[in-house]
Number of protein chains: 2
Amino acid sequence: MVRDRGENGSSDKVGTICRALRRAIIEQALEPGAKLPEDALGERFGVSRTIARHALGQLAAEGLVELRRNRIAVVATPSWQEARDTFDIRIELERLVVRQLAGRLSKAQLATLRGHVDAEDAARGGPDAVSIRLATEFHVLLATMTESPVLIRYVSEIAYRCCLTLSLFSRPHSSECAINEHRLLIDALEAGDGEKVASLMHHHLDSVAERALVAQAKPRGRDIMDILAPYADMTPAPAGGPGRKRRLDAAE
Amino acid sequence: MVRDRGENGSSDKVGTICRALRRAIIEQALEPGAKLPEDALGERFGVSRTIARHALGQLAAEGLVELRRNRIAVVATPSWQEARDTFDIRIELERLVVRQLAGRLSKAQLATLRGHVDAEDAARGGPDAVSIRLATEFHVLLATMTESPVLIRYVSEIAYRCCLTLSLFSRPHSSECAINEHRLLIDALEAGDGEKVASLMHHHLDSVAERALVAQAKPRGRDIMDILAPYADMTPAPAGGPGRKRRLDAAE
DNA sequence: GGCATATAAAGTGCATGCATGTTTTTTGCC
DNA sequence: GGCAAAAAACATGCATGCACTTTATATGCC
């Protein structure tokens with residue numbers, strides 16, 4: 001019932017593409033700056049450019065994609081400042097979530113949450129991208145339990161944006177402590193002290209942001225100039241030239 | 001510079017339509033439930049259905065429009081519960097805004113704000129719709145001064161949704177006190193105590209919501225059954241039949 | 001050979017057309 | 001005249017086509 005209302009409500013084709021792209025983005029299969037040509041998307045998903053275009057529009061409204069007139073759409077590349085601001089908003093929103101949830105979750109819901117954290121635990125050995133996605137989905141799951149469509153939508157949206165940001169700024173993802181914090185959060189929710197759990201959430205998100213955005217004034221390398229700086233004085237090509245697939249994509 | 005990034009970034013045609021519709025909605029020129037056929041919009045704005053459709057998609061993403069498959073799009077009709085939730089979110093977001101702004105506004109900015117409130121004052125005699133719009137725009141103006149694109153976007157979006165809600169639930173708009181609260185807010189912002197002004201904002205929005213949503217369990221009449229209840233036992237038609245223009249529109 | 005310019009390729013911006021589904025009107029029946 | 005079914009009108013869902021802009025490639029000049 002409460003479902004949907006995250007997409008636009010239009011067809012399912014647009015929704016499908018949105019979901020697929022969203023997931024690809026937050027799993028870093030599509031890195032920030034990666035090009036998203038309408039034709040390619042259309043062909044890939046078996047629809048016309050019209051639909052692909054519409055999907056890109058939705059994603060742009062969510063802030064996951066950047067649309068520039070007459071230019072190929074690209075995965076959004078939030079600035080450090082935007083990242084910081086986004087986290088600030090997220091903190092307030094998620095404080096609201098847990099305050100509404102404290103002491104009001106059923107046993108089944110608590111079990112669901114703990115199950116999810118177990119999944120996070122299980123994914124610890126695997127690729128970073130999956131860990132980040134699962135961590136994000138934990139928060140979305142929490143929001144879903146408020147059953148407030150508006151809150152669900154905003155938390156999801158902003159959590160995905162934060163996810164994108166994390167993939168941009170923090171390469172060595174340290175999710176171990178985060179997982180533990182998720183467990184503490186669930187316990188506090190069960191105990192039921194609203195302010196206590198709000199404060200826990202605040203510190204949790206604060207430290208996630210901190211771990212990622214440690215006083216880094218610039219993105220860690222999305223800027224082509226930064227990436228190339230160390231190589232600037234190397235000789236043109238170390239003979240391994242021809243086989244190099246032209247696969248830059250991200251960062252143009 | 002910081003401008004835009006509220007639309008989608010695509011053409012300007014889509015943006016123009018979005019702006020126009022948004023304004024029409026928050027001024028109640030288009031009431032909740034009003035139909036928005038693609039052809040009509042396209043013709044009105046001199047574009048094809050494709051563009052009108054895209055614009056509707058954007059507005060749906062903002063929650064101002066409801067899109068149902070194969071059905072004419074309509075202006076959103078938020079439920080009472082959604083309205084309450086929306087205001088809760090808004091409170092947190094705007095507390096964030098004023099906390100960031102407290103003591104940091106230039107003289108020019110303070111003057112701009114006071115000028116806006118003067119405009120609100122001047123509009124007191126006029127139509128309710130304009131008062132509501134101006135009050136909403138005051139909050140958007142505040143958000144803009146944070147220069148945080150993310151915050152600006154979310155506050156604007158949610159303020160417009162609240163605006164829509166207000167038009168739905170509170171007919172006798174009592175904006176006089178709100179205007180005064182705006183002045184107090186500005187003074188507190190100038191003084192610079194972040195927590196003080198956050199608390200002021202909290203109470204301001206709380207009372208706005210309260211004035212509008214006073215324990216009303218259902219929308220004040222958007223439901224056709226409610227509207228018709230008092231008339232249910234009247235005779236079919238009091239002879240004034242033929243001339244009645246079929247102008248229901250809202251509430252189908 | 002290096003750089004500016006011209007040319008081709010690729011991509012978006014947008015309107016139009018047809019298929020399909022929904023709403024209203026008309027028709028037929030009682 | 002009142003009601004149910006059929007048909008017309010209406011509206012969306014989507015693909016395709018063309019014009020225009022940007023980007024990549026090739027050409028020509030020095």
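Keep in mind it's a predicted model, so treat the numbers as computed, not measured.
For the pair A/L41 CG and D/dA15 C1', the computed distance is 16 Å after rounding to whole Å. Rounded to an integer number of Å, the gap from B/E38 CD to D/dC14 P is 11 Å. One atom, NZ of B/K35, and another, C1' of C/dT23, lie 8 Å apart when rounded to the nearest Å. Nucleotide C/dA15 holds its P atom 13 Å from the CG atom of B/D39, rounded to whole Å. Distance, B/E66 CD to D/dT12 P: 15 Å, rounded to whole Å. Taking atom CZ of B/R71 as the reference point, atom P of D/dC10 lies 18 Å away to the nearest angstrom. Across the protein-nucleic acid pair, B/L36 atom CG and D/dC10 atom P stand 19 Å apart, rounded to whole Å. Between B/D12 atom CG and C/dC14 atom C1' the separation is 14 Å, expressed in whole Å.
Annotation: of the two residues near DNA chain C, A/T50 and A/I72, the 5′-most nearest-nucleotide partner is A/I72. Residue whose closest nucleotide on DNA chain D sits further toward the 5' end, between A/S48 and A/N70: A/S48.
A/C163 SG to A/R90 CZ: the interatomic distance, rounded to the nearest 0.5 Å, is 8.0 Å.
Taking 3.5 Å as the limit, the base of D/dG13 and the side chain of B/R49 contain a donor-acceptor pair of atoms between them.
Between A/Y154 and B/Y154, the angle of the ring planes goes over 60°, which puts this pair in the perpendicular group of the 30/60° scheme.
Within the 4.5 Å cutoff, the side chain of A/L96 has heavy atoms near those of the A/Q100 side chain.
Considering every non-hydrogen atom in both A/H54 and B/R53, the closest pair reads CE1-O, 3.8 Å.
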